[in-house]
Amino acid sequence: MTDFRLIILALSIVGCSLSAVNPMYGQNVDSLQDVLARSEDPYVQAELNLQIGNVLFDQEDSAAIDFIRKAVMLASHEREPVIEMRAHHLLYRYLKRYGRFEEAMVEIDNAITQARIFKDRKEESSYLYFKARSLRKNGFAERSLAPYHQALSLYIDLKDSVQISRCYNELGIAHKVLGQYDDAKAFYKQSLGVSSLMNDSSRIANALNNLGNVIKNQGYLDTALTYYYQALEMHEARRDTKMQTNVLNNIGIVLGNIGAHDQALDYYRNCISLRRMTNDTFKVVSAMTNMVTAFKSKNEQDSALHYARLALRLGLRRGQKSSTAHAHEILGDFKYSEGQYDSARWHFEQGKLIREQIDEKLDVTSNIYRLGKVDMM
């Protein structure tokens, strides 16, 4: 790189560093744009466009995309795989943020391609992991498996134990969503093994909780409780309130399944209380839908209906798809039992639609069964 390029890039980097601590972002963008306007070097122009795009992205300014795309174009023309790789990754993040999912997938694939051209295995593994996780979280668990395995293979070669553990855990989640419980359990145990070798108590507890989840789904409730209690004890020792709430909710579910409904309600209330204390209101919906089940089992219909309606409102407001679907199903069951079949059908159809969107196949089947019961009336 020429001395001129080094000077220009040094100036631009100082500007971007200042922008991270200075609330006057606009002044820094203006300074970068002034340098950009004076530069005739395509490499410098590509780097500056990328840095401006990055600052605007951090500001959640939609103008970022124009600068990022310009950086991609210039880097591609100049055959600069590193800048092009970074630009494609930033474009992926931008498109994902604004719900343009399939376009985002194209861009992360482009970033992976550039990482391979530059032979940057660390970045390639990261991008594969980001791609897989985005697919899994957006309801494409089956599509997520291949990039997860590709990322895992690279992380093993790189001897990155943290990411190896994380990949095993994510593969467990994907297989659990697909209803492939034995595979899910195997991956969670591998995550637990790697985390234990690192003596990483947070990841150990997370793996124990996830193992409890899949074992609960297989019907081995006592064994699931054993894993949950171990996970809860570790999270309490670490004072990890957010993770405690996940386990409290899971324990409540199992206690409800074995008929200990009053104990289950205590765990749900404790879960909701802790989640509100930590401002983790997003997951309150899940605990509320579980409270509905407990109240129904106790034949306290008014309380059950109150929490079902509340859970549906909160779930819709917060975009909590799985819990929203569950609330629809519960309300559908109420309407069915009251003979309000049109209303029941609407709730079951909404539940089925959401379950299809997030690729929860077993729950889709459950809603089809419910709809069949309505059609027979």
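Side-chain atoms are counted along with the backbone in the values below, which use heavy atoms only and exclude waters and symmetry mates. Heads up: numbering here begins at 1 and tracks the sequence. A quick note: this is a predicted structure, and the numbers were derived from the prediction, not measured.
Judged as a salt bridge (charged side-chain N to carboxylate O under 4.0 Å, His left out), not a single pair has a partner in residues 67-77 (not counting sequence neighbours).
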Going through the distances and angles, do Tyr341 and Tyr336 end up as a ring pair (Phe, Tyr, Trp, His ring centres under 6.0 Å)? CA-CA 5 Å; Tyr341 301 122; Tyr336 179 84; 5.6 Å; yes
Give the intermediate values and the outcome of side-chain hydrogen bond (donor to acceptor under 3.5 Å, both in side chains) for residues Ser125 and Arg121. CA-CA 6 Å; Ser125 60; Arg121 301 173 78 204; over 6 Å; no
Please report the C-alpha distance between Asp200 and Ser165 in whole Å, then the side-chain angles of each, then the deciding distance to 0.1 Å, and finally whether the side-chain hydrogen bond (donor to acceptor under 3.5 Å, both in side chains) criterion is met. CA-CA 10 Å; Asp200 187 331; Ser165 173; over 6 Å; no
Evaluate side-chain contact (heavy atoms from CB on, under 4.5 Å) for Phe67 paired with Gln33, printing each intermediate quantity in order. CA-CA 10 Å; Phe67 291 96; Gln33 287 181 299; 3.1 Å; yes
Residue pair His306, Phe295: steps toward the ring pair (Phe, Tyr, Trp, His ring centres under 6.0 Å) verdict: CA-CA 10 Å; His306 167 74; Phe295 279 120; 9.1 Å; no
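Between Arg309 and Met288, the closest side-chain pair of non-hydrogen atoms is not below 4.5 Å. Side-chain atoms of Leu305 and Lys296, non-hydrogen and from C-beta on, never get closer than 4.5 Å to each other.
The two atoms that bring Thr324 and Gln320 nearest to each other are OG1-O, 2.6 Å, heavy atoms only. Residues Ala71 and Leu50 approach most closely at CB-N, 3.7 Å, considering heavy atoms. Listed here is the closest heavy atom pair of Leu331 and Ala308: CD2-CB, 3.9 Å. Annotation for Glu329 and Phe348: closest pair O-CE2, 3.5 Å, computed over non-hydrogen atoms.
Remark: side-chain polar atoms of Ser76 are not paired, donor with acceptor, to backbone N or O of Met73 under 3.5 angstrom. Side-chain atoms of Ser297 come within 3.5 Å of backbone N or O of Thr293 as a donor-acceptor pair. Of the possible donor and acceptor atoms, none in the side chain of Ser39 sits under 3.5 Å from a partner among the backbone N and O of Leu36. At distances below 3.5 Å, at least one donor-acceptor pair connects side-chain atoms of Arg97 with backbone N or O atoms of Phe57. The backbone N or O of Ala327 lies less than 3.5 Å from no partner atom in the side chain of Thr289, so there is not a single donor-acceptor pair. In terms of modelled atom types and a separation under 3.5 Å, the side chain of Asn49 and the main chain of Gln45 share a donor-acceptor contact. The closest donor-acceptor contact from the side chain of Tyr127 to the backbone of His89 lies at 3.5 Å or more, if one exists at all.
Atom CD of Gln340 has more than 12 heavy atoms from other residues, nucleotides or ligands within 6.0 Å. The local environment of CG in Asp222 is sparse, with at most 12 non-hydrogen atoms from other residues, nucleotides or ligands closer than 6.0 Å.
Ring pair Phe101/Phe140 is parallel by interplanar angle, where below 30° counts as parallel and above 60° as perpendicular.
Under a 4.5 Å side-chain heavy-atom cut-off, the cluster of Ile, Leu, Val, Met, Phe, Trp and Tyr residues that includes Leu353 has no other member. Through direct or relayed side-chain contacts under 4.5 Å between Ile, Leu, Val, Met, Phe, Trp and Tyr, Tyr228 connects to Leu221, Leu225, Tyr229, Leu232, Val247, Leu248, Ile251, Val254, Leu255, Ile258, Tyr267, Leu274, Met277.
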Kindly list each side-chain donor-acceptor pair under 3.5 angstrom involving residues 142-152, sequence neighbours excluded, with atom names and distances?
from	atom 1	to	atom 2	distance (Å)
Arg143	NH1	Glu102	OE2	3.2
Ser144	OG	Ala141	O	2.6
Tyr148	OH	Glu170	OE1	2.4

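Asp262 and Lys298 are joined by a salt bridge, as a carboxylate oxygen and a charged side-chain nitrogen come within less than 4.0 angstrom of each other.
Evaluated for a side chain to side chain donor-acceptor pair (under 3.5 Å) with Asn210, the options Asn246, Asn169, Asn250 yield exactly one hit, Asn169.
Partners of Thr223 by side-chain contact (heavy atoms from CB on, under 4.5 Å), not counting sequence neighbours, listed by chain and number: Ile215, Tyr220, Tyr227. Partners of Phe118 according to the ring pair (Phe, Tyr, Trp, His ring centres under 6.0 Å) rule, which considers only residues two or more places apart in sequence or in another chain, do not exist here.
Both tests do not hold together for Arg166 against Tyr155: distance to the six-membered ring centre under 6.0 Å, angle to the ring axis within 45°.
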